[in-house]
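Right, one structure below, let's go through it.
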Amino acid sequence: MKKRIWKLLLIAGGLIYIAAVVIIALALINNQKLIDEWKTAYDFKPEARSRISPSAQNSALKKKIQSYQPRGVYIMIDSAENKYYLREGDKVLREGLVSTGSGEILVEPNGKRSWIFDTPKGEFLVKSKIQNPYWVKPDWAFIEEGEPIPRKMEDRVEGGVLGDYALGFGNGYFLHGTLYTRLLGRNVTHGCVRFADKDLEAIFKASKIGTKIYIY
Amino acid sequence: MGQTAIRDKKADEGQQNFIHLLPAGLLFGLVLSLVQPALPGKLSAEQIKNKTSAVSQQKKGNAQKKPLEVPGTSARQPKDSDLLKENRFLQEELTLAKNRKYYFVIDLKSKKIDIRARGMQLKSWTASQIRYSGKPLPLKVLGLSQKSALNPPKRQMIKPGEGDTAAVVDQEPVSADKNNQDKKKNAQNGTTMPSQEPGTGGETFQLEALEITDMPGNYELIFDNGLKISVRSPAGKGQKLRRLQENLSWYIFLPVNNFLKKDKVHNQKMILYFDQPRDAQGIYWAFIDGIQGIVWLP
């Protein structure tokens with residue numbers, strides 16, 4: 001009797017096992033079909049009446065995309081690696097280390113205002129070029145130091161901290177020099193991009209108003 | 001009679017052996033299927049291309065999906081379909097290239113993840129392996145709606161009055177002249193000091209800033225069309241166990257789930273594997289909220 005029960009259990013177990021294996025095998029076949037569809041089934045509708053061949057259309061599209069690319073020199077800033085590249089077309093003219101935003105948060109003691117010190121990402125233009133720049137300290141600089149915010153403009157001005165050149169790219173953000181050269185290659189700034197003196201000079205000379213900056 | 005008895009006994013032994021060997025064989029096959037690299041979902045793009053060429057030829061008969069096919073030009077069909085697919089991709093990229101924002105392109109064939117702006121490649125990573133499952137993704141622009149990680153990076157709060165991290169680390173800014181003088185002094189004394197020259201920064205002291213190394217090495221990217229991309233790298237502990245669990249899930253549970261829920265819409269899933277944690281961290285850094293891009297298989 002016991003032997004029979006064991007036999008029955010064994011048969012039932014075997015059947016369940018075989019069924020499971022068959023289901024898995026069918027599932028894998030189905031999965032393969034789905035993967036094959038990735039290669040073949042894109043739901044797009046080509047222009048059936050178009051007289052232009054697909055290859056000609058493609059080269060026209062490529063040209064159109066290329067037309068959006070910057071002409072002349074442009075600056076690329078990799079905020080993850082804290083590196084900059086001065087480029088012209090595919091050529092890298094110069095590269096080096098920079099410091100970008102620390103990503104820290106500052107909240108005003110009364111909680112009314114807060115700042116996130118990130119370097120903005122995207123495409124920007126050089127909007128201003130300044131030699132021997134002075135830093136007009138914004139409110140957060142005083143809040144961060146725990147100092148009262150001055151009412152007079154002249155109390156906000158500080159010289160010699162931005163290096164010899166500064167290139168503004170909007171919303172108070174600049175590419176500028178630094179005294180903290182040890183921190184080049186690290187994320188330490190309040191959103192501006194700090195350069196070493198020689199790199200900054202090269203960038204300042206190579207760029208003009210309207211030069212594109214790509215930060216990523 | 002004696003002979004038949006012996007034969008019966010042998011047959012019984014054979015049956016018993018079969019009963020014992022069958023599950024063992026099936027189990028072995030199952031384990032082998034988990035270990036084998038050339039299995040569905042883990043195939044390289046070239047393998048898929050070769051394997052699917054026959055299937056794709058069959059599917060090209062479908063007039064709805066391939067309206068430009070002309071009867072009698074079957075030899076030229078794959079080329080045309082490739083061109084049309086590229087055409088579709090370029091049209092989508094054009095919409096992205098018009099914007100000032102940068103975008104991503106995931107090429108499943110070359111296993112490349114590009115960050116592009118205006119059609120230019122800004123940065124690129126190559127995955128060691130890409131897996132994908134589910135219904136094919138339409139060749140359309142998709143947007144990142146959420147990044148999910150077990151240990152997401154946390155921004156540090158600056159306490160007013162304590163100054164920023166740069167000031168804390170570098171309380172006394174060093175001028176270039178002073179730096180050179182110190183270097184000469186140290187050279188005379190035979191001691192070394194950390195370099196402070198421009199271009200040799202990036203030293204490894206601890207900062208309270210959010211840096212690439214603070215980014216997670218394993219996380220999920222969830223897109224607005226339901227696509228879920230898991231990014232995996234050897235960052236963190238228990239990687240082997242996690243990989244085993246993921247393999248089981250990918251090769252057994254996911255296909256079975258897809259098979260049993262055949263009629264239901266199931267979202268696409270993808271896993272990108274990287275050999276270096278920094279690659280995965282770099283993607284986490286570059287894939288900002290709302291970033292748009294294209295995933296395609298050329």
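Below, chain A is the first sequence line, B the second, and so on; all start at residue 1. These numbers come from the heavy atoms of this one structure, side chains and all, not from hydrogens, waters or symmetry mates.
Atom NZ of A/K137 sits in a crowded spot, with more than 12 heavy atoms from other residues, nucleotides or ligands closer than 6.0 Å. Heavy-atom contacts from other residues, nucleotides or ligands closer than 6.0 Å to CG of A/N110 number more than 12.
In this structure, A/A80 and B/K123 approach most closely via the heavy-atom pair CB-NZ, 4.1 Å. Between B/N258 and A/N31, the shortest heavy-atom contact is ND2-OD1, 4.0 Å. Closest approach of A/L61 to B/N87, counting heavy atoms only: CD1-O, 3.7 Å.
Proximity to chain B is absent for every atom of A/Y84, based on heavy atoms less than 4.5 angstrom apart. Proximity to chain B involves both the backbone and the side chain of A/Y216, based on heavy atoms less than 4.5 angstrom apart. Proximity to chain B is absent for every atom of A/D90, based on heavy atoms less than 4.5 angstrom apart. Both the backbone and the side chain of B/K98 come within less than 4.5 Å of a heavy atom of chain A. In this structure, chain B has no heavy atom under 4.5 Å from any part of A/Q66. Heavy atoms closer than 4.5 Å to chain A are found in the side chain of B/I288, but not in its backbone.
Each of B/M120, B/E86, B/K101 has some count of heavy-atom pairs under 4.5 Å with chain A, and the biggest count is that of B/M120. When B/Q121, B/K154, B/M157 are compared by the number of non-hydrogen pairs under 4.5 Å with chain A, B/M157 comes out ahead. Per-residue counts of heavy-atom pairs under 4.5 Å with chain A were compared for B/V256, B/L210, B/L254, B/L94; the largest is that of B/L94. Note on A/G122, A/S79, A/S67: by heavy-atom pairs under 4.5 Å with chain B, the leading option is A/S79. Ranked by non-hydrogen atom pairs under 4.5 Å with chain B, the options A/E81, A/E147, A/E95, A/K212 are led by A/E81. Ranked by heavy-atom pairs under 4.5 Å with chain B, the first of A/D118, A/T178, A/V98 is A/D118. Of the residues considered (B/M215, B/Q281, B/R278), B/R278 shows the highest number of contacts with chain A, using heavy-atom pairs under 4.5 Å.
Using a cutoff of 4.0 Å between basic side-chain nitrogens and carboxylate oxygens, B/R118 and A/E123 are scored as salt-bridged. For the pair B/E93 and A/K62, the salt-bridge criterion is not met [side-chain N within less than 4.0 Å of a carboxylate O].
Residue B/R100 forms a side-chain contact (heavy atoms from CB on, under 4.5 Å) with just one option from A/F124, A/Y214, A/Y68, and that option is A/F124. Between B/I158 and the choices A/I143, A/I105, A/V107, A/L106, the side-chain contact (heavy atoms from CB on, under 4.5 Å) rule is met once, by A/L106.
Interatomic distance, B/Q91 CD to A/I65 CD1, rounded to the nearest 0.5 Å: 9.5 Å. Summarising the geometry, atom CD1 belonging to A/I215 is positioned 11.0 Å from atom CG belonging to B/L122; distances are rounded to the nearest 0.5 Å. Summarising the geometry, atom CD belonging to A/E104 is positioned 11.5 Å from atom NZ belonging to B/K159; distances are rounded to the nearest 0.5 Å.
Judged by distance alone, the side chain of A/N30 and the main-chain N or O of B/P255 form no donor-acceptor pair under 3.5 Å. The closest donor-acceptor contact from the side chain of B/E211 to the backbone of A/N187 lies under 3.5 Å.
Side-chain contact between A/K121 and B/W285 is present, with heavy atoms from C-beta onward closer than 4.5 Å.
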